[in-house]
> 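Once you've had a glance at the structure underneath, I'll fire off some questions.
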Protein chains: 2
Amino acid sequence: MIFSKTFGYAIRGVLYTAMVSNGKKVQLDEMAEVLNVPRHFLGKVMKRMVKEGVLSSMKGPYGGFFLNENTMTTPLYKIIEITGESETFSICTLKLSKCNSDNPCPLHLKMEEVRKECLNILSNTNIGDLLSKDQPDFIQSITTI
Amino acid sequence: MIFSKTFGYAIRGVLYTAMVSNGKKVQLDEMAEVLNVPRHFLGKVMKRMVKEGVLSSMKGPYGGFFLNENTMTTPLYKIIEITGESETFSICTLKLSKCNSDNPCPLHLKMEEVRKECLNILSNTNIGDLLSKDQPDFIQSITTI
DNA sequence: AAGTTAAGAGACATGATTGTCCTCAAAAAA
DNA sequence: TTTTTTGAGGACAATCATGTCTCTTAACTT
């Protein structure tokens with residue numbers, strides 16, 4: 001499954017915030033540098049996360065991004081929605097808009113199962129799940145591009 | 001799985017050729033019109049199919065595209081390769097180039113299985129398989145956009 | 001041989017995604 | 001209240017996928 005770069009940035013941004021902020025807030029500058037992501041672009045991505053309630057932010061000195069009550073339980077699919085990619089799971093592989101179960105293209109059935117499996121993963125995995133593994137070099141795994 | 005429009009055009013072009021050509025050849029003009037695809041763009045896609053041996057073509061009057069000994073046994077994955085999308089199956093969901101089984105990103109394991117399943121489908125399905133179903137309105141299913 | 005028909009191929013146009021730059025707004029510190 | 005720090009937001013640039021236009025090349029017909 002190929003999703004946008006934006007999706008990758010979003011996940012990594014949220015995960016990084018969750019990992020390093022123990023009460024304190026994480027600044028965009030730090031985040032962009034450590035994640036090796038264009039700062040202003042990341043800013044817009046994170047802004048959308050905040051707007052949709054996945055994360056919170058505060059301006060001014062000692063401001064930055066921080067977790068809220070939703071963050072850990074946000075399913076990855078929610079982030080797919082926010083980055084505008086939920087159509088991924090309904091768009092026909094051959095890009096036929098009229099393709100569906102009743103009028104399937106020749107690839108429809110075979111692809112349907114893969115699509116569903118992927119949708120299941122993204123719906124049933126949340127941010128907390130990604131963090132809860134005892135991966136010693138977790139930070140490294142999301143910052144090494 | 002989202003692949004390019006180009007991939008969709010390629011598959012539909014080859015399938016259409018296989019369906020309507022009984023010995024005779026299929027012209028680009030007809031194909032583009034029936035498939036509802038930009039003519040010159042489709043031309044370039046089909047050209048690549050010919051260059052890679054998936055299909056054959058002939059210029060001049062009564063020329064056009066026609067099947068060859070490879071067409072029916074061409075796995076869909078071959079067309080993925082031709083349209084330059086084989087990286088789909090190795091690119092990390094978070095777009096981390098260093099992500100792999102030894103140094104996995106938090107999503108790596110979960111996505112790996114989906115990716116493998118999809119790769120299996122595309123490797124084990126060929127053009128002939130897509131045609132062999134007795135779908136009465138097959139042509140309609142690949143021409144109705 | 002000349003004309004016609006079709007694919008091949010290059011140059012350019014458009015649109016979406018990604019990336020950059022500069023300014024604004026809010027929150028804290030001085 | 002002024003200054004500083006930080007995210008928010010708009011305008012624009014670069015890149016890549018897709019689409020359009022025009023000319024060239026090859027094969028057949030006359």
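The sequence lines fix the lettering, A, B, ..., with proteins before strands; numbering per chain opens at 1. Everything numeric here is computed off the predicted structure, so don't read it as measured data.
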> A:Glu112: what forms a side-chain contact (heavy atoms from CB on, under 4.5 Å) with it, not counting sequence neighbours?
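A:Ser101, A:His108, A:Arg115, A:Lys116.
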> Does anything in residues 46-65 of chain A reach DNA chain C, meaning a heavy atom under 4.0 Å, and if so which residues?
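Nucleic-acid contacts, sorted: A:Lys59, A:Gly60, A:Pro61.
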> What's touching nucleotides 11-16 of chain C from the protein side, N or O pairs under 3.5 Å?
from	atom 1	to	atom 2	distance (Å)
C:dA11	N6	B:Lys44	NZ	2.7

> Under 4.0 Å, heavy atom to any atom of DNA chain D: which of residues 76-96 of chain B qualify?
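Hits under 4.0 Å, by residue number: none.
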> Scan residues 13-41 of chain A against DNA chain C and write down, sorted by residue number, each residue with any heavy atom closer than 4.0 Å; if none is found, say none.
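Going residue by residue through residues 13-41 of chain A, the ones with a heavy atom under 4.0 Å of DNA chain C turn out to be A:Pro38, A:His40, A:Phe41.
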> Of all nucleotides in DNA chain D with an atom under 4.0 Å from a non-hydrogen atom of chain B, which is the first and which the last going 5' to 3'?
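Using the under 4.0 Å cut-off, the span is D:dT18 to D:dC28.
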> By side-chain contact (heavy atoms from CB on, under 4.5 Å), which residues pair with A:Asn68, not counting sequence neighbours?
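A:Ser56, A:Asn70, A:Thr71.
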> Could you tell me which residues satisfy side-chain contact (heavy atoms from CB on, under 4.5 Å) with A:Ile82, sequence neighbours excluded, listed by chain and number?
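side-chain contact (heavy atoms from CB on, under 4.5 Å) check on A:Ile82 returns A:Arg48, A:Met49, A:Glu52, A:Val54, A:Lys78.
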> Among pairs that include at least one residue of residues 6-34 of chain A, which meet salt bridge (charged side-chain N to carboxylate O under 4.0 Å, His left out), considering only residues two or more places apart or in two chains?
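As it turns out, the salt bridge (charged side-chain N to carboxylate O under 4.0 Å, His left out) pairs with a partner in residues 6-34 of chain A, which skip direct neighbours, are A:Asp29-A:Arg39.
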> With sequence neighbours excluded, tell me which residues meet side chain to side chain donor-acceptor pair (under 3.5 Å) with A:Thr88.
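For A:Thr88 there are no side chain to side chain donor-acceptor pair (under 3.5 Å) partners, ignoring immediate neighbours.
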> Does B:Phe66 sit in a hydrophobic cluster with other residues, and if so which ones, taking ILVMFWY side chains as linked at heavy-atom separations under 4.5 Å, directly or through other members?
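B:Phe66 clusters with B:Met58.
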> Can you tell me which residue pairs pass the ring-ring contact (aromatic ring centres under 6.0 Å, His included) test with a partner in residues 23-59 of chain B, sequence neighbours excluded?
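Non-adjacent pairs meeting ring-ring contact (aromatic ring centres under 6.0 Å, His included): B:Tyr9-B:Phe41.
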